[in-house]
Each structure stands twice: as structure tokens, then as C-alpha cells.
Chemist: 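The structure is given below, and queries will be raised subsequently.
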2 protein chains.
Amino acid sequence: MGIGGVSACRDERAGMGKRATLADVAERAGMSVTAVSLVLNNREGSRLSADAQERIRAAARELDYRPNPAARSLRVGKTRTVGFVSDDVTVTRYASAMIRGALDGAEARDHTVLMAEAGNDRKRINRAVRAMLDRRPDGLIFALMGSKEIDIPAEIGDLPVVVLNGTSTGGHASVLRDEITAGRDVANHLIERGHERIALLGDVDALRRDRRLSVSIGDRFLGIESAMAEAGLAFTARHFEEDWEPEKGYRGTRALLDQGLDFTAIIAMNDRLAFGAYQAIWERGLRIPADISIASFDDDVIATYVHPGLTTVRIPYEEMGRAAMDMLLTGKPAGHLQVPMPLRKRESVADRQR
Amino acid sequence: MGIGGVSACRDERAGMGKRATLADVAERAGMSVTAVSLVLNNREGSRLSADAQERIRAAARELDYRPNPAARSLRVGKTRTVGFVSDDVTVTRYASAMIRGALDGAEARDHTVLMAEAGNDRKRINRAVRAMLDRRPDGLIFALMGSKEIDIPAEIGDLPVVVLNGTSTGGHASVLRDEITAGRDVANHLIERGHERIALLGDVDALRRDRRLSVSIGDRFLGIESAMAEAGLAFTARHFEEDWEPEKGYRGTRALLDQGLDFTAIIAMNDRLAFGAYQAIWERGLRIPADISIASFDDDVIATYVHPGLTTVRIPYEEMGRAAMDMLLTGKPAGHLQVPMPLRKRESVADRQR
DNA sequence: TCTGCGTGCTAAATCCTTTTAGCGCCGGCG
DNA sequence: CGCCGGCGCTAAAAGGATTTAGCACGCAGA
């Protein structure tokens, strides 16, 4: 039975300085530390009397007891903490949605997230991984801002790992987006609207092959082309462009138009290219979608800024982040999850007029 | 004294399963645990012989010893961990730069960052704060995606706190952006180029007053207007608009143009409004910057996507994140730091022609 | 010779929780 | 009667680091 002074001292100082420990709760409840631990963790092992349980819970509540995670993880070996290592947070603006998804997933399972940014430099990656490992997280997510294939440092050993928005050479579990279906959806959407003469803006050779550069873009092309082939169509115009920026979309579309307008729709490989296309099309006095329909990929901010709104496929960053965390926190992560990419239909696609 | 097998077991299995402990190092060096701790932490207290020191260091190196942070922080009370609570990661795309800045700052001081997202809901904020507090971080950053004034939960007690991109009602240390100077810079830039008839796009009453909505927008107006006043100028046109989206910028600018074009330049309150203005101006067959110059705020992605490039003031998110972390990790944080906002001159502003 | 002190090092306590081993008692079984 | 086993609970160990207290020894000064 506690001396009044001691418990009073702890009592009112919640949040400030010292916090109640198991021993404090035990003293207040007139029980042993073990008993308190048992009860507060609802261990089935040995049932304490209902009375004792109630006293303990009451004491814990009154003292606002919350276990010290350092002490707990020292004993148990688990930290209820997940490491989130990303190559580059700032590259893709939307990528913060990936973080959000992961954070939500962790919160739902009562874990907290340690973040680190590692860049693309191998040394810095190793340093970040060590820093994480030192904190003994229960798992690690490698988040890639451009979907790529990476090497996971061997140091990690058998710690559960999920690669987010990419794959690893070691064949670790990963979360990807379903670019094949996305490609098919975009192409089919135009085909269903009656378009038969379609131009491709942002065609490229390198990315299709090398999965170290991108594990997703190859699939995007694959999907587009399979849908075209199934409809018995081929592109009536292609503009090759590796650098998918608005400026390039603008120039590319101009070049395409110079070829004599033998298309009624454009598939742009991303929204920035599409935005450039808008400018080139406006400049010619043509109208979207009346004269030319456009569809693309990413659902970047600009897709909603422009008139008419751009029909595009959303990259489900948030869902992916969430999925990665779920994967990591439920049993042994394995396999490659493909998250569907929803088609956002806006006003840039209409039925073929001509 | 260890059976050979034990140390051999530990020896080669770095990263996997068990890791070397202080006791392992001590055993290998033939010293006491205390001695190892003393040496590895370079304690001045008692000098061990150079020979002993060398043996200890060698043993630690060979075993790839790294201290268990749980054990350490259990003893010391510090965790070398900082909590980063943000209201909403996804609202502002650029805001991820804030995260990056904070991460870099923490890395530089060998701290790791615990992230949590709290939204704007008081309950959820408290839950996030508790989750953080349970992990006993050495400090807390409250990052606000739209710069606002918030209440910091009292629970935090005397833990060092920095409010990032906002202020607290409790007067905690904070990192803000210098919107007054930014406002002045934008206005002066136009004035120096000879513009005397200037329109303001996105004027608004509410935001100017209520610091709970925004602690920065009021200053932005203040800066703009003080520079105008010093030059003896007043706006020749204003469009009021609370919702700073492209659509509204488009309509607003059309309305402004309908008033009879009595301005040669526009100050838009943000880039999205400015983007809308571009569209309205193009539609009239006018040219930027030949007929109308435009300058605005934020340096959003679209500022570089459009032609001509949009002159705007960058929000220094990354620097702010970094500054907040520096503040937190060096002594007692206090005061309000104003991070300068650089003017990005692009092609949307030219000398007055008419 | 004895005291005092600096040197080089270590045993033990401490931080807080979880887990293991087991105590004392009582009722039931053989 | 003696033994076993369940009940309700606790003492003690373990986990890995830091910190405090202090030991043994040798040397210098009185």
C-alpha cells in the first residue's frame, strides 16, 4: 500500500517528467509487478481473481500508466516499429500519398514508422539501412519513387522486407501497380469510343527493356499494344520521346500534326506530355475533344487543372503504401501484389467525329 | 568465461539473428563490460590504458558491435529519436519537401524520425501525439501543411516542440516563411519593370484576419500592399476569390478583362489562379508577357509547365523542414524563425509596353 | 612504518518490462 | 494418511546498456 506522498507525486504530473511504471501501478493496487503485467497484457496463462484484476486496471487507469516501449522491446525483442526507407521523397509529388498509405496502415496495427531517405547512392542507402537496423524495426519497407528494380543490402538478413513501387533483384515481396491492365484500359477506352486512328506520344525504346530503369513502363506499353492488336489496330502515328515533360509533349504533338493529322486520338505516356499536347493543339486552333481526344497516365495535378479535364489513369499511390504495410505486418510477406489503377474519365475523350 | 562455440556463433552472423552485445565485446577483449562501455563512449572520467582501449576497440570492430538502442535509452532516458506529426501529408504536394528537409536534418545529427499523420481532427491528433509520446522521443515537430495556428496538446509537457509552417496558441517555437518580404518582392518586381496599373487576382477578406486559418496569407497581402503604397500605387483592379483554383483564376481574369483592361500586370495570389489567368488571357488572343505580365506565389509544378514560365515566389519547404529540425536538436527551441522565400524570375514578367 | 592518494580496472545497481520457476494452501484420489 | 495437482499469486531472472561505488596495488610523503 503506497505511501500517500509518493503516489500523489506521480499522480498529477501526467506527461511531465517521470511517468508511472509497472511498479507504481503494482504498489497502488497492492499487487506484485508480475500480476500487473499479467493482467494488463491479458495473458491467458494464469487467471487472477476478478477482484485483483479490477484493482489493477483501476490503478493503471488512475496513474495513466503506459508501458515503456524501450523496456518492453528490450525484453521481448519486438519494437512495434517499421522502417520506411525511400530513395527520394521529393521526386514525385504524389508519392507523399505512398507515405500516407503506409502511415495509415501502421497506425491501424498500432505500429509506428521510422522514416529515412536514402537517395540513390549505394553508400547512403547502406547508411540509412544501418541506422534503421540499429533501431531494430520489426520490418522494412523500401519505397521507390520511380518504380525500379533495386538490390536490397544483404545486411538486412531475414528481417521481413517489402519493396514498394518496385522489385528487388533478391526477389523480395513487392507491391506494384497493374500497368498492363491500365494500358489496356486506356487503349480500349479510346477504341470503344470509335477511334481507329490513334497516335502514341512518348514512345520509347530503352524503358521497355531495362527493368532496372522501370519495372512498370514496359508493362504499360505491353497493355496498350495488346489491346490495340486485339482490336486489329496499329498506331497511325508515333512520336518517340524519352523525356516526358510538357515541353517535349508540345513539340512532339506539333511534329505529329505536321505529319498531316491522320489520327483522331492521342495516347500520351503521361500527363505532362499530354499537357504539352494540349498547348500544341490549342495553338493550331483545334479543339479537345471535338477534333482530337487525349488520354494518358498518372492523374497528375494538371489533369484537373486543364480544360477539358484530362482522362487519365490514376497511380494508386496511397493504396500501394497501405498494401505494403499490410503485407509487412501480416505474416511473412511474399509475392508480388499488383494494385489496380483506376481510369479517371474526364472530358478529354469523346466519340470519334470524323 | 565463454565457451569458444558461443563467440564463434556470434562472430560471423552479423545482421542475422542475434547481434553482438557489450558482454560479447568485453569477453573477446578480456575486459569488463564497464570498461567497454567507458571506452566506446569516450568517457573522460577514468583513463584506461592505451593497450586496453585498443583491444576493446578492435574487439568491437571485429564483432561489428552496435549498441542496442532500447537498452541504452532505457538507461539514459534519451532515444535519439524525433517525432514528426503532420496534419495532412497529402494536401500540398510540395510539402513532402518539408519531410525531406526534416529527415536530412535529423540524419545529420544522427537522429531518426518517427512519422505520424494526424489530420485535423482533435481526437486523432491526440491519439497520434500519445503514440509518439509513448515512444519517448527527444522532441516533437508539428508540421502543418497549410500554415495555420494550432493548439498543442498539453499532454506534451515540457518536451521540446517546434511548429513547422505555422504557430501555436501556446507560443511554442516555430518556423515560418517570410511572406511579408515575399509580397514586397513580387510587387516591387513588377513596379521596377515599369508597371503602374496592376490587378490583384484572388483578393480575400477572411484569410487576412483569422490566423487560425492562415498565419501566412495575411502577411502576403501586407507585403504586397506596403510595396504598392511606398510606390504611390493602388490596384487598378481587384478580383475577390477565396477558392484559389485554376477554374476560379480563369473566370476571375475574364471578369477583370471585361472591365476594360486597365492593367498591364496581374499579381495572382497563387500559381493555380495564375494558371487560370493564362487560359483566360490566351483565349482573348492576348500575349504573356507582351500584353500582360503575371507574377504569383508558390512555385507550384505548373509554374514551369506553362509557356512562358511563370514568375513566382518559391515556398522554401525543404529549408523550413531542415530549419525546424535544427532548431529542435540544438538546445532549447524558441522564437519564430522566418525563412526567406526566393523570387523565381521566369518569362511571365516583362517591361511595361503600353 | 603508516597514511594518503592516484591509477587501472571491476562488481553491482539501475532503468522497466516480461517470463520462468515455484511457493503455500486446499481438496481429491488412492 | 500421503501424494498430486490446481489455484492465486510472487520472487527472481533476463534483456543490454550506463553509472556509481569501490577494490587492489604501488608509490610518495610524513
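By convention in this document, chain letters (A, B, ...) are assigned in the order of the sequence lines, proteins followed by strands, and residues within each chain are numbered from 1.
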Chemist: Rounding to a whole Å, what distance do you find between A:Ile56:CD1 and C:dT18:P?
Modeler: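 To the nearest whole Å, that distance equals 13 Å.
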
Chemist: In whole angstrom, what separates B:Arg19's CZ from D:dG16's C1'?
Modeler: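 Atom CZ in B:Arg19 sits about 12 Å away from atom C1' in D:dG16.
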
Chemist: Could you tell me which residues satisfy salt bridge (Lys or Arg N to Asp or Glu O under 4.0 Å) with A:Asp326, sequence neighbours excluded, listed by chain and number?
Modeler: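 Once residues adjacent in sequence are excluded, the partners of A:Asp326 under the salt bridge (Lys or Arg N to Asp or Glu O under 4.0 Å) criterion are A:Arg109, A:Arg322.
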
Chemist: Would you kindly give the CG-to-P distance between B:Asp134 and C:dT17, to the nearest whole Å?
Modeler: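 Nearest whole value for this atom pair: 11 Å.
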
Chemist: Report yes if a side-chain nitrogen or oxygen of A:Ser32 is closer than 4.0 Å to either non-bridging phosphate oxygen (OP1 or OP2) of D:dT10; otherwise report no.
Modeler: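 Yes, A:Ser32 has a side-chain N/O under 4.0 Å of OP1/OP2 on D:dT10.
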
Chemist: Below 3.5 Å, does any donor atom in the side chain of A:Arg75 face an acceptor in the base of C:dT17, or the other way round?
Modeler: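 A donor-acceptor contact between them is absent.
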
Chemist: Whole-Å distance between C:dC9 C1' and B:Asp51 CG?
Modeler: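 It is 13 Å, rounded to the nearest whole Å.
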
Chemist: Counting heavy atoms from C-beta on, name the nucleotide in C:dT10, C:dT18, D:dG16 closest to the side chain of B:Leu38.
Modeler: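 Of the candidates, C:dT10 comes closest.
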
Chemist: Is the distance from OP1 or OP2 of C:dC15 to the nearest side-chain N or O of A:Asn68 less than 4.0 Å?
Modeler: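 A:Asn68 to C:dC15 OP1/OP2: no side-chain N or O under 4.0 Å.
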
Chemist: How close or far is atom P of D:dT19 from atom NZ of B:Lys78, stated in whole angstroms?
Modeler: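 Between P of D:dT19 and NZ of B:Lys78: 12 Å.
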
Chemist: Once you round it to whole Å, what is the distance between P of D:dA17 and CZ of B:Arg66?
Modeler: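 Rounded to the whole Å, the gap is 12 Å.
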
Chemist: Rounded to the nearest angstrom, tell me the gap between atom CG in B:Asn42 and atom P in D:dA17.
Modeler: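 After rounding, the reported distance stands at 16 Å.
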
Chemist: Do A:Thr34 and C:dT18 have a side chain to base donor-acceptor pair shorter than 3.5 Å?
Modeler: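 Check fails, no donor-acceptor contact within cut-off.
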
Chemist: Within the structure shown, what part of the strands sits under 4.0 Å from B:Ser49 by heavy-atom distance: base, sugar-phosphate, or nothing?
Modeler: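 Sugar-phosphate contact only - B:Ser49 comes under 4.0 Å of backbone atoms but never of a base.
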
Chemist: Identify each donor-acceptor pair in which a side-chain atom of residues 66-76 of chain B lies under 3.5 Å from a protein atom, sequence neighbours left out, and give them as a table.
Modeler:
from	atom 1	to	atom 2	distance (Å)
B:Arg66	NE	A:Asp134	OD1	2.6
B:Arg66	NH1	B:Asp64	OD2	3.4
B:Arg66	NH2	A:Asp134	OD1	2.8
B:Asn68	OD1	B:Ala70	N	2.8
B:Asn68	OD1	B:Ala71	N	3.2
B:Ser73	OG	B:Pro69	O	3.0
B:Ser73	OG	B:Ala70	O	3.4

Chemist: For B:Glu54, is there an ion pair with B:Arg61 - N to carboxylate O distance below 4.0 angstrom?
Modeler: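 Salt bridge between B:Arg61 and B:Glu54, a charged N being under 4.0 Å from a carboxylate O: yes.
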
Chemist: By nearest nucleotide on DNA chain C, pick out whichever of B:Ala50 and B:Leu74 is the more 5' one.
Modeler: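 Here B:Ala50 is the residue nearer the 5' end.
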
Chemist: Between C:dT17, D:dA17, D:dG8, which nucleotide gets closest to the side-chain atoms of B:Pro67?
Modeler: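 The listed nucleotide nearest to B:Pro67's side chain is D:dA17.
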
Chemist: Determine: side-chain N/O of A:Ser37 to OP1/OP2 of C:dT18, distance under 4.0 Å, yes or no.
Modeler: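 Looking at the OP1 and OP2 atoms of C:dT18, one of them is under 4.0 Å from a side-chain N or O of A:Ser37.
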
Chemist: Between C1' on D:dT10 and CG on A:Leu22, what's the gap in Å once rounded to a whole number?
Modeler: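 In whole Å, D:dT10 C1' and A:Leu22 CG are 13 Å from each other.
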
Chemist: Examine D:dA17: is either OP1 or OP2 under 4.0 Å from a nitrogen or oxygen in the side chain of B:Tyr65? Give yes or no.
Modeler: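 For D:dA17, OP1/OP2 do have a side-chain N/O of B:Tyr65 under 4.0 Å.
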
Chemist: Is the closest side-chain donor-acceptor distance between B:Arg135 and A:Thr112 under 3.5 Å?
Modeler: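 Judged by distance alone, the side chains do pair up.
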
Chemist: Is a salt bridge present between B:Lys78 and B:Asp110, judged by a nitrogen-to-oxygen distance below 4.0 Å?
Modeler: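 A salt bridge is absent here (no side-chain N lies under 4.0 Å from a carboxylate O).
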
Chemist: By nearest atom, which of the nucleotides D:dA17, D:dC9, C:dT17 is closest to the B:Ala71 side chain?
Modeler: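 Taking heavy atoms from C-beta onward, the closest nucleotide is D:dA17.
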
